[in-house]
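Residues: numbered from 1 along the sequence shown.
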Amino acid sequence: MRLLLTVLTTALLGITAIAQQPASPALTPRMLESLLTAKPQGAEAEQLAARVRNTFGADALARGAAPQVDELAVAWALELPQPPAAQARPPRVASDNGGFNLTLNRIGTTNVYAATTTLSHGTAFTWHYEAGDRRLGGGQLEVYTTPSEARERPGVPKGTLKQMPKWESKIFAGTTRDWWVYVPAQYRPESPAAVMVFQDGSGPKDYIPVMFDNLIAGGDMPVTVGIFIQPGTFADNRSNRSFEYDTLSDQYARFLLEEILPEVEKTTRLRRDGAARAISGLSSGGIAAFTAAWERPTEFSKVLSWVGSFTNIASGKSGRDGGHNYEAMVRKTPKKPIRVFLQDGANDLDNNNGNWPLANQTLAKSLAFAGYDYRFEYGQGFHSTAHGRAILPDSLRWLWRDWKETLK
């Protein structure tokens, strides 16, 4: 009996020790590149294959895993049920347009294949794996370097971000929404602050405060309060986003001016001149930002739009009431005192509401024709935040470039 207990105890201790061993650390593209260059064999190859499975996900590898991306460095990996025949082409990753392909390297004698590469800033394409006559996985890829202003810097004063109580709107009756307010460390009650509003605020609230901290400390923009606000939802969880953002009216501007800004001003003094107010958004949030300034140009004078939906989403009863009308309205309406930064990419959306790249290019041409103070950054990107975030410091510097003269 003692012998049996000893054996069982030893076995259990062994199982516990194995269970407590830390999992293989995840691989970055640079780490994987270095390990693949060494061409491991035997046990080292098995260990590397295990780390690749841990990093990419074993199940995902069999389907064609999404790449690991670290700025411009990209790693792909695939696990096959059996290696290809000797005369067959090794598996590879390729862009759908045929402009890029990368052969995957077998890790030892395992069935795991991987490769890494470094792409140019702003590269964007759709991709897939090819293994024999099979096509696996696939998706969108766009890569950019991360601006230094996106990282915390030692010695830079840090503002505070506070989640506000859910807001029940009267202007958008029946809706509630989450929202947050950032107040920079340099704010003083005796000096009202500039303000910038961000639509779909749950995303920007996670990266804008650090950016504001650095740019405000560097004198690139004024002391600016950030308001991050979600679209409204009804009691049955229906979103009111498209109605609020895509409709061409002054309703959203009134919601901000009559409800949100006065609520912020209960605790934080804000400037009320248009030169001190900016507004930003992505997609439908981008057109909402433009509409707010278009409707109330003396109260919102600066617009930052990422992949803006200047398309016919809000088609209405007429079938043509949407934001595609702005390209004509800008040309036909007396010039308004607003400054506009547009960003879009050649791989943005194309659907029954319109073509986003064409819509943004057309609006940019109209702004140029009408003599607006505008800038248009056009890349290769998709309908995402990636390009906008990569150029955000320069976008904000451009929007606020004359603040020391205009915000007296």
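With a 4.5 Å cut-off on side-chain heavy atoms, Leu367 and Phe376 do not count as touching. Between Phe300 and Glu295, the closest side-chain pair of non-hydrogen atoms is not below 4.5 Å. Taking the side chain as every heavy atom from C-beta outward, Leu342 and Ser305 approach each other to under 4.5 Å. Within the 4.5 Å cutoff, no side-chain heavy atoms of Thr247 are placed close to those of Asp321. Side-chain contact between Pro84 and Arg89: absent, with no pair of heavy atoms (C-beta onward) separated by less than 4.5 Å. Taking 4.5 Å as the limit, some side-chain heavy atom of Ser384 sits within range of a side-chain heavy atom of Glu142. Within the 4.5 Å cutoff, side-chain heavy atoms of Thr176 are placed close to those of Thr233. At a threshold of 4.5 Å between non-hydrogen side-chain atoms, the residues Lys302 and Ile338 do not count as touching.
Tested against Tyr113 for a side-chain contact (heavy atoms from CB on, under 4.5 Å), the candidates Asn105, Leu80, Val52, Leu61 yield a single pass: Leu80. Considering Phe198, Trp180, Tyr207 as possible partners of Phe228, the one that fulfils the ring pair (Phe, Tyr, Trp, His ring centres under 6.0 Å) test is Phe198.
Residues Arg375 and Asp394 are not paired through a salt bridge, judged by the lack of any N-O separation under 4.0 Å between the basic side chain and the carboxylate. Comment: Asp213 does not engage Arg153 in a salt bridge, judged by the lack of any side-chain N to carboxylate O separation of less than 4.0 angstrom. A salt bridge is absent between Lys408 and Asp273; no separation between the charged side-chain nitrogens and carboxylate oxygens falls under 4.0 Å.
For Arg339 (side chain) and Leu399 (main-chain N/O), a donor-acceptor pair under 3.5 Å exists by modelled atom type. Without hydrogens or angle criteria, Asn360 side chain to Pro357 main chain gives no donor-acceptor distance under 3.5 Å. Judged by distance alone, the side chain of Asn214 and the main-chain N or O of Glu149 form a donor-acceptor pair under 3.5 Å. In this structure, the side chain of Asn312 engages the main chain of Gly322 through a donor-acceptor pair within 3.5 Å. Using a distance-only test at 3.5 Å, with no hydrogens or angles considered, a donor-acceptor pair links the side chain of Glu71 to the main chain of Thr146. With hydrogens and angles ignored, the 3.5 Å screen pairs a side-chain donor or acceptor of Ser366 with a backbone N or O of Thr362. Remark: side-chain polar atoms of Lys335 are not paired, donor with acceptor, to backbone N or O of Ala370 under 3.5 angstrom. The backbone N or O of Arg296 lies less than 3.5 Å from no partner atom in the side chain of Asp250, so there is not a single donor-acceptor pair. Judged by distance alone, with hydrogens and angles left aside, the side-chain atoms of Gln380 form no donor-acceptor pair with the main-chain N or O of Thr123 at under 3.5 Å. Without hydrogens or angle criteria, Ser191 side chain to Arg188 main chain gives no donor-acceptor distance under 3.5 Å.
For the pair Thr103 and Arg92, the tightest heavy-atom approach, listed with the atom from each and the gap, is CA-CB, 3.9 Å. Thr116 approaches Pro29 most closely through the heavy-atom pair CG2-O, 3.6 Å. The two atoms that bring Leu257 and Glu299 nearest to each other are CD1-OE1, 3.5 Å, heavy atoms only. Among all heavy-atom pairs drawn from Ala194 and Trp400, the shortest one is CB-CH2, 3.9 Å. Across all their heavy atoms, Ser242 and Ile313 have their closest contact at OG-CG2, 3.6 Å. Pairing each heavy atom of Thr55 with each of Leu27, the nearest pair is OG1-N, 2.8 Å.
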Practice item. Test Thr311 against Asn353 for side-chain hydrogen bond (donor to acceptor under 3.5 Å, both in side chains), laying out the working first. Key: CA-CA 6 Å; Thr311 54; Asn353 294 309; 5.7 Å; no
**Study point:** side-chain contact (heavy atoms from CB on, under 4.5 Å) evaluation trace for Leu396 with Phe212
**Key:** CA-CA 9 Å; Leu396 292 171; Phe212 272 26; 4.0 Å; yes
Check your understanding: Taking it one step at a time, do Trp76 and Phe100 satisfy ring pair (Phe, Tyr, Trp, His ring centres under 6.0 Å)?
Key -> CA-CA 13 Å; Trp76 280 276; Phe100 169 86; 5.7 Å; yes
Exercise for review: Begin from the C-alpha positions of Lys158 and Glu152 and carry the test side-chain contact (heavy atoms from CB on, under 4.5 Å) through to its verdict.
Suggested key: CA-CA 9 Å; Lys158 292 177 173 54; Glu152 291 187 5; 3.3 Å; yes
**Study point:** Verdict with supporting geometry, Glu259 and Trp167, side-chain hydrogen bond (donor to acceptor under 3.5 Å, both in side chains)
**Key:** CA-CA 9 Å; Glu259 294 190 14; Trp167 185 259; 2.6 Å; yes
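Within 6.0 Å of CD in Glu44 there are 12 or fewer heavy atoms belonging to other residues, nucleotides or ligands. More than 12 heavy atoms of other shown residues, nucleotides or ligands fall within 6.0 angstrom of atom CG in Asp236. Counting non-hydrogen atoms of other residues, nucleotides and ligands closer than 6.0 Å to CZ of Arg401 gives a total above 12.
Ring geometry for Tyr129 against Trp127 counts as perpendicular: the plane angle is over 60°, on a 0 to 90° scale with 30° as the lower cut. Classified by interplanar angle (parallel below 30°, tilted 30° to 60°, perpendicular above 60°), the ring pair Tyr144/His387 is parallel.
Atoms OG and CZ, on Ser280 and Phe290 in that order, are 14.0 Å from each other to the nearest 0.5 Å. From Gln140, atom CD reaches atom NE2 of His383 across 10.5 Å, with rounding to the nearest 0.5 Å. Separation of atoms CG (Asp246) and OH (Tyr252) is listed at 12.0 Å; rounding is to 0.5 Å. Summarising the geometry, atom CE belonging to Met221 is positioned 10.0 Å from atom CE belonging to Met211; distances are rounded to the nearest 0.5 Å. For the atom pair CZ (Phe382) and CG (Asn347), the distance works out to 4.0 Å, reported to the nearest 0.5 Å. Interatomic distance, CZ of Phe255 versus CG of Leu261, reported as 9.5 Å (0.5 Å rounding).
Between the side chains of Tyr245 and Thr291, no donor N or O sits under 3.5 Å from an acceptor N or O. In summary, the side chains of Thr118 and Arg30 do present a donor paired with an acceptor at a separation below 3.5 Å, with no hydrogens or angles considered.
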